[in-house]
S.K.: 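Once you've had a glance at the structure underneath, I'll fire off some questions.
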2 protein chains.
Amino acid sequence: MAADKASATPEKPRLQARKQPLQSRSAATVGVILEAAARILEERGLTGLNTNLVAQRAGVSIGSLYQYFPGKEALLAALIRDARAGLLEAVQQICTQGGLLSTQLRVLIRAAVHHQLHRPQLMRHLEYAELMLPLDQESAALNDALLNALQGVLMAHAVQEAEVTARDLIAISRGMIDSAGLAGESDAATLENRVWRAVSGYLSCAV
Amino acid sequence: MAADKASATPEKPRLQARKQPLQSRSAATVGVILEAAARILEERGLTGLNTNLVAQRAGVSIGSLYQYFPGKEALLAALIRDARAGLLEAVQQICTQGGLLSTQLRVLIRAAVHHQLHRPQLMRHLEYAELMLPLDQESAALNDALLNALQGVLMAHAVQEAEVTARDLIAISRGMIDSAGLAGESDAATLENRVWRAVSGYLSCAV
DNA sequence: GTCTATACGTAGATAGAC
DNA sequence: GTCTATCTACGTATAGAC
């Protein structure tokens, strides 16, 4: 009987929040908690993030936090989802509008720079967290949607090997913006031009 | 709340190993420990790395491990130093040889691809660890040396804005190789060509 | 439904035996 | 000089009060 207590640990990280914040007050609480988590992430990184500190900074008790997020990983998953969803919205809008390839890519790069340069440290920590977490269905779907949107644009303009090209373009942009953010750059326009040079250079050799 | 109990935390991470492995047996032990740490990093990431597990995998006791490394961060610092030193050696050799810019960059990209595609997960974890650790003197010096070597090549060929260009080229390469490694690519030659396209494209627009 | 208090597990680090 | 045993601290998660 007593042995049952410590039965085989299922290792089941729950990434979904226990409650969906349908009420406005709950939504506000969730927002406060997530913003606190984001700030801590920026200041202390992944290892410095813990549920007690988040609750304290958010001004709620640890018990309340656990009512909305079943653990540290759930906080990270929510932050990742939010970030991905924000970018995806902008990207899909651009991709469905059509136009010259160069124009579309320019605008996409602008969106990416704006998105990633806003809080570079936070994005970097989230990107790393994404690799370690067994990323949930929703985040995976958002990632796929992002890649597919870009791939669609490339195919619409008859670019060869759209799949690997899309991956490379994302890697180039992400790497450069990451690096610039880390170096303390804040001039989005200049950075945008440099990313454009790399992206257009990569493509012009290909065609 | 109650009185501050954990307020006076000095937070003094020692990054230097306690002993330098001058004897061959010690050097072997250090090597075994570091390889064990590297494997765990690849399998479980930064949060999964702990001193007990490293000692166990390395086949030494936790006490012995602490004689060589005063903690988890010292293990990471040593791994980062080793990786940086390995790449720097190759890069400096290439940079001091002279020749056409395109030739030199080609060879540099080859070295970078070879270096980073070998153990992509490990490199990614180390890159992230590098950001969180107050990186020690030696690693900082190695990083500077790397950047300077590339910058020197660019300046020798009269490339404008060598500093920011060097940073961008490193960011492009690192981002693409990282992404390719994560996607499971193992064809170094193909990847090398794609990185070359991005790098040469970036530069040709600049000149 | 929000808080306080606490039990539990894990990891860090050391002291002392051999 | 290497190992075993252990102490301490911290973070997670829950139970129960309000």
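None of the values given here were measured: they were computed from a predicted structure. So you know, we letter chains A, B, ... as the sequences are listed, proteins then strands, and number each from 1.
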S.K.: Rounded to whole Å, how long is the line connecting atom OH of A/Tyr68 with atom P of D/dT14?
M.R.: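 Rounded to whole Å, this separation is 17 Å.
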S.K.: Near DNA chain D, which residues from residues 39-55 of chain B have a heavy atom under 4.0 Å away?
M.R.: none
S.K.: Would you mind reading off the distance between B/Leu75 atom CG and C/dA13 atom P, rounded to a whole angstrom?
M.R.: 11 Å
S.K.: Just how far, in rounded Å, is P of D/dG11 from CD of A/Glu73?
M.R.: 16 Å
S.K.: Which residues satisfy the salt bridge (charged side-chain N to carboxylate O under 4.0 Å, His left out) test with A/Arg44, sequence neighbours excluded?
M.R.: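 Per chain and number, A/Arg44 pairs via salt bridge (charged side-chain N to carboxylate O under 4.0 Å, His left out) with no residue.
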S.K.: May I ask you to verify if any side-chain N or O of A/Tyr66 is less than 4.0 angstrom from the OP1 or OP2 atom of C/dC3?
M.R.: no
S.K.: Name every donor-acceptor pair, under 3.5 Å, that has one atom in a side chain of residues 141-148 of chain A and the other anywhere in the protein, sequence neighbours excluded.
M.R.:
residue, atom, partner, partner atom, Å
A/Asn143, OD1, A/Arg84, NE, 2.5
A/Asn143, ND2, A/Glu130, OE2, 2.7
A/Asn148, ND2, A/Asp144, O, 3.2

S.K.: D/dA15 P sits how many Å from A/Gln67 CD, rounded?
M.R.: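 It works out to 13 Å between those atoms.
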S.K.: I need the CG-P distance between B/Leu65 and C/dT14, as an integer number of Å.
M.R.: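 Answer to the nearest Å: 12 Å.
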S.K.: Apply salt bridge (charged side-chain N to carboxylate O under 4.0 Å, His left out) to B/Glu192 and list each qualifying residue two or more places apart in sequence or on a separate chain.
M.R.: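 B/Glu192 satisfies salt bridge (charged side-chain N to carboxylate O under 4.0 Å, His left out) with B/Arg106, B/Arg110 only.
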S.K.: Please give, in whole Å, the distance from C/dG16 C1' to B/Ile62 CD1?
M.R.: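 So the CD1-C1' distance, B/Ile62 to C/dG16, works out to 16 Å.
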S.K.: Just to confirm, is there a sub-4.0 Å distance from OP1 or OP2 of C/dC3 to any side-chain nitrogen or oxygen of A/Ser61?
M.R.: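 Answer is yes, contact under 4.0 Å.
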S.K.: Going by side-chain hydrogen bond (donor to acceptor under 3.5 Å, both in side chains), name the residues that satisfy it together with B/Arg167, two or more places apart in sequence or in a different chain.
M.R.: A/Glu185
S.K.: Separation of A/Gln56 atom CD from C/dC3 atom P, in whole Å?
M.R.: 13 Å
S.K.: If the cut-off is 4.0 Å, is A/Ser64 near the phosphate of C/dG1, judged by side-chain N/O to OP1 or OP2?
M.R.: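 Answer no for this pair, as no side-chain N or O of A/Ser64 is under 4.0 Å from OP1 or OP2.
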S.K.: Mind telling me whether A/Tyr128 and B/His125 have parallel, tilted or perpendicular rings, with 30° and 60° as the class edges?
M.R.: perpendicular
S.K.: Checking A/Glu35 now: which residues fulfil side-chain hydrogen bond (donor to acceptor under 3.5 Å, both in side chains) with it, not counting sequence neighbours?
M.R.: A/Arg119
